[in-house]
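Below is one structure, written out as structure tokens, with a few remarks after it.
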Amino acid sequence: MLKIHYDLPLHRDSASRFLPWITGLMVFLGVMSLAFALVLGNAASSWSQALGSSLTVQILPLAPGKPGQDERVRQALDLLRETPGVSAARALPKSESEKLVSPWLGSNASLSDLPLPTLVDVRADGTSLNVALLRQRLDAEIPGSVLDDHGNWLGEVSRAAVTVQTLAFGALALIALTAILAVIFAVRAGLQLNRSTVELLHIMGASDRYIARQFQRSAAGNASRGGLAGLVLAVLALFAAQRIVGPQSGLPIRLALPLTDCLWLLLVPLAATFFAALTARLTVLATLKRLP
Amino acid sequence: MLKIHYDLPLHRDSASRFLPWITGLMVFLGVMSLAFALVLGNAASSWSQALGSSLTVQILPLAPGKPGQDERVRQALDLLRETPGVSAARALPKSESEKLVSPWLGSNASLSDLPLPTLVDVRADGTSLNVALLRQRLDAEIPGSVLDDHGNWLGEVSRAAVTVQTLAFGALALIALTAILAVIFAVRAGLQLNRSTVELLHIMGASDRYIARQFQRSAAGNASRGGLAGLVLAVLALFAAQRIVGPQSGLPIRLALPLTDCLWLLLVPLAATFFAALTARLTVLATLKRLP
Amino acid sequence: MIRFDSVGMRYGSGPEVLRDITFELAPGSFHFLTGPSGAGKSSLLRLLYLAHRPSRGLVTLFDKDISSLSRPELSLLRRRIGVVFQDFRLIDHLSTLDNVALPLRLAGAREDQIREHVSELLRWVGLGDHLEARPPTLSGGQQQRVAIARAVINRPSLLLADEPTGNVDDRIGTRLLHLFEELNRLGTTIVIATHNEALIERFNHPRLHLQGGHLDRLPPGAKPY
Amino acid sequence: MIRFDSVGMRYGSGPEVLRDITFELAPGSFHFLTGPSGAGKSSLLRLLYLAHRPSRGLVTLFDKDISSLSRPELSLLRRRIGVVFQDFRLIDHLSTLDNVALPLRLAGAREDQIREHVSELLRWVGLGDHLEARPPTLSGGQQQRVAIARAVINRPSLLLADEPTGNVDDRIGTRLLHLFEELNRLGTTIVIATHNEALIERFNHPRLHLQGGHLDRLPPGAKPY
Ligand SMILES: Nc1ncnc2c1ncn2[C@@H]1O[C@H](COP(=O)(O)OP(=O)(O)OP(=O)(O)O)[C@@H](O)[C@H]1O
Ligand SMILES: Nc1ncnc2c1ncn2[C@@H]1O[C@H](COP(=O)(O)OP(=O)(O)OP(=O)(O)O)[C@@H](O)[C@H]1O
Ligand SMILES: [Mg+2]
Ligand SMILES: [Mg+2]
């Protein structure tokens, strides 16, 4: 626990009993929503990586006399590799094409006689690939090419993940803002009751900085105690959530957070303490400014 | 605005200035998180509807002498229709099969000569279909049938949506709980300052119920004013969010809520007011119980 | 009217502040309550206005054993008692008028009568110009007079005043004691805790003297030491 | 030491409470401040302990025009002034000892000296048994004595007391005034606002009398009316 030195034992007044509770609740909220946003963020980026990778371009065999198959495959590979958002493009060997077509025709058809299309596997990174534009260019430049984006799921799902992530971070920002406002109001309400003490210390000749420091320390102490409790509570709640929506439930979202993300969570109580202290300081100084 | 009749103008004390702010913030939080959870819920269920619908069963042509194609299609349809989670199953006419296969072979192949598979379109509702079990049964009972669940995206995405929904509702429950706790603490802190007034009224011969009613009304008035402000703020914020993540952004999540869901949002300030009044009542009665 | 039978009182688990107090006050009587600072005058008054329970002994008020009364009965009893607290206990955010009107509101009086009645009394105690002022903007003596006005506004059967003239000069103090005597003539039983020997001498009433936790009755004019 | 030059004072935009006050007090002098309730005694003291600015006129304190001083200089000046407030203004959640120690802590005294010094003074005013009590558990007179102890603990150059004997009996009142006279002999300038004519008579000091917003100086023993 944080041990703070007090010149005056101001931290024992009744207003102080309220601040740790509100701070604790708000830190709990802040940590929970931050963890939630980080989990969704991680899930969204792993989805879009997994999904955004699998487009296929088919180069169909054309009637004799038109540009040869190999020629057009090379053109397509060149075009794909210079398209922004494409991380890799690779023509599949003929055996893979045969394997892919076989179910459509039954295993009894003699495949080697048929003019099979060549398949090009395209790996895209995330959502930066503009599929519609790529399709246009392929249609225009390489006759007989067909872009298959697998029912468009990849783009849609990864965009959805990004939207969820955006919403989650938006909600987090609002919750964090609200939590900090609540702490600020709690500190201000507490100081309102201590207004007479502020005035008394002023009349007794304490300097503005001394008075502000007393109340600031008291607020920081109360907020940090509440914040710590809120953090502990939130961590426990996160573990509980992990048990419920854990990997054994087979869901694609993992609640485990990497260590760096956990460090972000530590910031929440620190921010609460900082804002509590800052609010106390500014409120006291504003009260004092009105005194002669 | 709610107009409440006060016997005593208790609502004008300094503690009352704090309660509307905290309630406003907490109602804002509650409404935002509820709206967020409802939007995700709607999105998740529409995704799983859209996605869960599109399975395909291919009935491949078998070597002559084996059970006929039409026979096996009928068997497959029967099996599918009695599978729980399947809402419809329909065999596609031959022309559609040809259209589907043509890109694989080029338009120059004479398709009518080839033994084409018959496609059965399966509509599943949501996530209740057990795809693995269905595949097992099809393999066992109908030779030459292939279940295509389109790369398994449907199940995974809709399960992901459900997970997101679960997490969102869990987060909502925590936020709502925290918000109500914060309102309760604010009311208690306010009454702590009014302890001397409670005692005074008691000594003057006011009955417990009268005193409780005064403070309860005062708390309800303050909380409802704050709650209304919070609700208005939240609605404005939701409209702003709609502009940012609106339909024109092409994202699969629609922020618009059906009217019934909007009514749920109205419950948040009502709940805050209710809990504020209840807390005031119980706190005052507890204080009075300790007086002779 | 009031009877104490070997009453003791303590705060929490502290020592006994009052020990073995036995006395009886007739209805319509007028007593001063004296004693050194910390002797227990305010504590004795707290027993009388039912804000504290005796730790032992029997307290009889309005001919009723108060330990046998239900909460609603106690409430009704309390409404017949007017109290001037040593520290005033005005409600800071209510105007002077609303503060004094409190007992009338609790008794369910009509609003138009309240205003007229209250402002007349406040004029009488010299606060006619401060009807809408909040207590924190009043001088010490003005606050004390508001507290007195609140205690007498609904003609209580029993008036208990704790140091009611500590913050006013002798002229106003005399005026306030005349107000109490007027009430007394109309039937109110009065007990006034005070340090002001000059007032005690001027108004010739019997005295209850507290010292070392014990109570002595002194006839009018007698000195305790 | 103290000089007022046609000083006026009002609260907010209200009427002038003090009008055209002009007087001068020599260092080491001892004055009573009297006047009817609401005359402005506490307001005048508020000007003296720098809690309120005059709306007009010139206030000189410790030979300095206070309107010309910076905030840090005003702070240093305030530490040389001891104040007994009419409503005590003790900090409820601090013990008696911590309340009285406040001026010493602000002056940066050593903790071990503080405890010894403070408990000695509290014993002297009769509160040796209540060192660790919180103000709300003290009687009215006990609280007043704590307030007085806090005002004198660090031997201020100027002592301002507002009705310091309103809640104590004459014996303790006399003892407290002897304490003030002792301080005065050591060089402290003293102004005591009071309604207690008996004390004013017993202690023969000049008097400042406020009435209708104006101030009159009266020699020792003289009556204002
Ligand atoms: N709430 C309380 N808790 C604990 N002790 C208390 C409380 N109130 C009073 N006391 C103690 O009880 C004793 C008597 O207090 P009381 O207020 O009755 O004295 P008093 O005769 O009214 O004195 P004064 O003339 O100074 O007002 C004192 O020693 C005081 O410290
Ligand atoms: N904070 C304030 N705001 C507005 N008016 C005030 C304030 N304090 C005092 N007054 C008014 O100023 C006048 C003088 O008040 P002050 O407290 O100086 O009187 P006083 O001489 O100390 O009286 P008392 O002997 O009753 O304490 C009164 O009419 C009072 O109502
Ligand atoms: Mg007392
Ligand atoms: Mg005064």
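The figures here come from the full heavy-atom set of this structure, side chains too, leaving out hydrogens, waters and symmetry mates. Keep in mind it's a predicted model, so treat the numbers as computed, not measured. Letters A, B, ... are given to chains in the order of the sequence lines, protein chains preceding strands, and every chain is numbered from 1.
- Contacts between D:Arg150 and chain A at a heavy-atom distance below 4.5 Å involve the side chain alone, from C-beta outward.
- Only the side chain of A:Leu200 comes within less than 4.5 Å of a heavy atom of chain D; its backbone N, CA, C and O stay farther away.
- Screening residues 43-65 of chain D for ring pair (Phe, Tyr, Trp, His ring centres under 6.0 Å) gives D:Tyr11-D:His52, D:Tyr49-D:Phe85 as the qualifying pairs, with residues at least two apart or on separate chains.
- Atom CH2 of A:Trp264 has 12 or fewer heavy atoms from other residues, nucleotides or ligands within 6.0 Å.
- Dense packing is recorded around CZ of D:Arg79, with more than 12 heavy atoms of other residues, nucleotides or ligands lying under 6.0 Å away.
- Atom CD of D:Glu16 has more than 12 heavy atoms from other residues, nucleotides or ligands within 6.0 Å.
- Shown here are the side-chain hydrogen bond (donor to acceptor under 3.5 Å, both in side chains) partners of D:Arg110, two or more places apart in sequence or in another chain: D:Asp112.
- Listed by first then second residue, pairs satisfying salt bridge (charged side-chain N to carboxylate O under 4.0 Å, His left out) with a partner in residues 179-198 of chain A read A:Arg195-A:Glu199, not counting sequence neighbours.
- The environment of CD in D:Gln113 is crowded: more than 12 heavy-atom neighbours from other residues, nucleotides or ligands sit within 6.0 Å.
- For the atom pair CG (D:Leu74) and NE2 (A:His202), the distance works out to 7.5 Å, reported to the nearest 0.5 Å.
- Residues of residues 282-291 of chain A that come within less than 4.5 angstrom of chain D, heavy atom to heavy atom, are A:Leu288, A:Lys289, A:Leu291 in numerical order.
- Of all non-hydrogen atoms in A:Ser207 and D:Ser75, the two that sit nearest each other are CA-OG, 3.8 Å.
- D:Arg71 and A:Asp208 make their closest contact through NE-OD2, 2.8 Å (heavy atoms, listed as atom of the first residue, atom of the second, distance).
- Using a 4.5 Å heavy-atom cutoff, the side chains of D:Arg89 and A:Ile203 are in contact.
- Checked by atom type and distance alone, the side chain of D:Arg53 never pairs as donor or acceptor with a backbone atom of A:Pro292 at under 3.5 Å.
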